[in-house]
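Numbering starts at 1 and runs along the sequence shown.
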Amino acid sequence: MSSFTISSAAHLAKAAYPAQKQSPSAAEQSFSSMLGEMLKNVNDSQRASNQATEQLVTGKTTDLHQVMIAAEKASLTLQTTLEIRNKVVEAYQEVMRTQL
């Protein structure tokens with residue numbers, strides 16, 4: 001089960017502040033791949049939560065704690081992703097308001 005973790009946040013910080021200069025196309029590719037990886041992690045955590053819930057409902061597992069942990073991880077990764085999206089949109093809007 002994968003989720004937005006500290007390492008994902010480190011990748012985000014690394015993309016925001018690269019150690020060396022990158023060409024615009026390389027930076028775009030790096031950001032795109034990092035974003036795709038983060039969204040895949042969110043999707044994986046949602047699937048794991050759904051699978052754990054399904055196993056609980058069908059009686060294949062009785063460990064409610066693990067199901068609740070999986071659900072909370074999925075919820076937190078989704079909330080974090082939404083907050084990141086909101087900050088990116090807010091930054092974009094701020095740049096668009098900037099007068100040249």
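- Taking CE of Met38 as the reference point, atom CZ of Arg85 lies at 12.5 Å (rounded to 0.5 Å).
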Enumerate donor-acceptor pairs with a distance under 3.5 Å from any side-chain N or O in residues 93-100 to protein atoms, sequence neighbours excluded.
| unit_1 | atom_1 | unit_2 | atom_2 | d |
| --- | --- | --- | --- | --- |
| Glu94 | OE1 | Arg97 | NH2 | 2.8 |
| Thr98 | OG1 | Glu94 | O | 3.0 |
| Thr98 | OG1 | Val95 | O | 3.4 |

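- Atom CE of Met68 is separated from atom OG1 of Thr53 by 8.5 Å, given to the nearest 0.5 angstrom.
- Taking every heavy atom of both residues into account, Ser49 and Ala71 meet most closely at OG-CA, 3.3 Å.
- At least one side-chain heavy atom of Thr80 sits under 4.5 Å from a side-chain heavy atom of Ile84.
- Shown here for Ser45 and Lys73, the closest heavy-atom pair between the two residues is OG-O, 4.5 Å.
- With rounding to the nearest 0.5 Å, the separation of NZ in Lys40 from CG in Asn43 is 8.0 Å.
- Both Val88 and Met34 belong to a common hydrophobic cluster when Ile, Leu, Val, Met, Phe, Trp and Tyr are linked at side-chain heavy-atom distances under 4.5 angstrom.
- In this structure, the side-chain hydrogen bond (donor to acceptor under 3.5 Å, both in side chains) partners of Ser25, at least two apart in sequence or on a different chain, are Ser23.
- The side chain to side chain contact (heavy atoms under 4.5 Å, CB included) with Thr61 is formed by just one residue from the set Gln55, Gln66, Glu54; it is Gln55.
- Atom-to-atom distance recorded for Ile69:CD1 and His65:NE2 is 8.0 Å, nearest 0.5 angstrom.
- Thr81 places a side-chain N or O within donor-acceptor distance of the main-chain N or O of Thr77, the cut-off being under 3.5 Å.
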